[in-house]
Amino acid sequence: MGGESRIYPSAMKHTPPLPPEIASEVEALKTRIAELESHEAELAWAHNALLEQINREQRQTEAALRISEEKLSRVFNASPDAIAISSLADGRYIDVNPAFEKVFGFAPKEAIGETAGQLGVWPDARQREHVVALMPKQGELVNLEVRFRHKSGQLFDSLFSASLIELEGEPCMLSITRDISDRKRIEQLFLEQNRMLHAVSEAQADFITEAEPHPTFDRLLTHLLDITDSEYGFIGEVLRDENDAPFVRIYAITDMAWDDDSRALYQSVVRGGFEFRNPNTLFGRVLTTGQPVISKDPAHDPRRSGIPRGHPELKAFMGLPLYRADKLVGMIAVANRPGGYYDELVERLQPFSTTCAVLIEAYRNSQRRRHAEGMLRKMNVELEDHVSQRTAELQASIKELESFSYSVSHDLRSPLRGINGFSRLLLQDYGDRLDEHGREYLRRICAATLRMSELIDGMIDLAQLTREPIHLSEVDLSRLAESIARELQATEPGRRVAFDIEPGLKARGDERLLRVVLHNLLANAWKFTARKESAHIAVGRQQTGNSFAYFVRDDGAGFDMKYADKLFGAFQRLHGVNDFAGTGIGLATVQRIVQRHGGLVWAEGEIGQGAAFFFTLS
């Protein structure tokens, strides 16, 4: 059309002018031709743009497809699950991923081109036939639990998923197989642990309620057979005979009687009287070695001796020693587990074995305790008889002591008063006829009779302390100590003695007797600080172990600690009468009162550095 537009002007130079109507049409036609040429250019541009967009989209699609194929290839090759594409008709493997070897044991080059039947991955061909029959109906299978066979021949559990696909017109199956044998093993382990925990809980409850071990161990044996999937078993306590040879006393055993004699033997076990003593057996090896014994073929195991005629066949055996600390206390044995026993099972049974060992030791201790309780009851009866006898004797002794105290109080005092009185009369009426030595002798006689009277008073007071009842109440020791301190200061107001009495000292006891304790201790402190110009006496409380001890401390004469055991004896003195007055009864009285309150009393001191007296109250 572009050529034609160039002809028209040249032709028009040689033609005559057209009529106006024709000229108008010609102009309109030229305008239309120009428009068509413009549309043609636009269409050409649009065509080229469309082709470019199509090419671009095709390139993008090819790139996306290539990326998708790469991703699919990476998933296919990197998946930990076995992925396989196989012919639906005959099971021939068209392609498998590398994980196929990990799951099934066959490398891709071994599997591709072979059928599932040839590789033997389906333990039963009917299983695959069932799966193939389901596929057209359901279109896909998701997480179907299937047991496959590994190249090694070992069966394993898996989750099997499959979808129908078509390759070059042939129906195929895309399958994913995930090995869940480890998960199944863990689930089984958890199940066994739960059953063991249940068995342990039951055993603990039985131990609380059952006096005899046989019912408890019968239930434990039932759990043991269930946990280990065993046919026979026993649980027993290991003891030693007079030659230190180990033997087993049976607590629980499976009833495997096959004739009258074996039934009688089983009944002896039920009654708790059966023992295994033959070391030349599989269980005997457990006793002699102290180690687990596992046999996968007991009938031909050289470690065992013969078995009685008619005894059920043993196809597998496991015996485990039971220890508490380092001591062999028992054993368990099981037999005829399908597939036999293995070392891992020994470890898995450790909580159960430990429980059996603990219970055996507990029942053993319980038997000892019951025996000791029986002996204790017998001894208590004998002791009660002995106590009754001794009580009667003690009551008689108390009456004699009371009678003696009365005699001392009345019969001895009269002669002492006579000696003292006549000595004073001699001194008053005939003193001028005696020389100074004679008068000194009479003064010593008077002083001795007075001291003798004080000793008698102290002895009577000490005897009375053992007879008087104790009236318990809360006692304010601080208040008592302050009262006694004021009394002592009133006797010698010229002395400079500082009393440091801790406030709020409370105790539970007999107030009258505790006042005697504090009076004796404070009077002692007052007496033994007499030679100091300025003295200090403290009363307080300090922590001693899990309880408190009350103390009276001074900075007086003190004492030598090697004589501390003599301080609390009656009439025992560490200082002469001429140095410090006293009867030697005060500290003995303190000890007697503290002991009657269920407490202890002791002293600490150093010569010239003072002394401290401590006492506790229950």
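Quick note: residue numbers are just sequence positions, from 1.
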Any chance you could measure [X], atom [atom1], to [Y], atom [atom2], to the nearest 0.5 Å?
X: Gln138; Y: Ser163; atom1: CD; atom2: OG; answer: 11.5 Å
X: Ile165; Y: Ile85; atom1: CD1; atom2: CD1; answer: 4.5 Å
X: His386; Y: Met379; atom1: NE2; atom2: CE; answer: 11.5 Å

For [X] and [Y], test the side chains for any donor-to-acceptor distance below 3.5 angstrom and give the result as yes or no.
X: Tyr232; Y: Arg337; value: no
X: Ser295; Y: Asp301; value: yes
X: Tyr93; Y: Glu114; value: no
X: Asp226; Y: His223; value: no
X: Asn380; Y: Arg377; value: no
X: Tyr341; Y: Ser230; value: yes

What is the minimum heavy-atom distance between Leu282 and Phe317, and which atoms define it? CB-CE2, 3.5 Å
So does Lys378 pair up with Glu373, basic N to acidic O under 4.0 Å? no
Is the [atom1] atom of [X] crowded by more than 12 outside heavy atoms at less than 6.0 Å?
X: Gln154; atom1: CD; value: no
X: Arg240; atom1: CZ; value: yes
X: Lys102; atom1: NZ; value: no

In the structure I gave you, are the side-chain heavy atoms of Leu141 and Ser161 within less than 4.5 Å of one another anywhere?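 SC-SC contact between Leu141 and Ser161 ruled out.
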Donor-acceptor under 3.5 Å (Asn243 side chain, Ala245 main chain): no
Does the plane of the ring in Phe614 sit parallel, tilted or perpendicular to the ring in Trp602? Use 30° and 60° as the thresholds. parallel
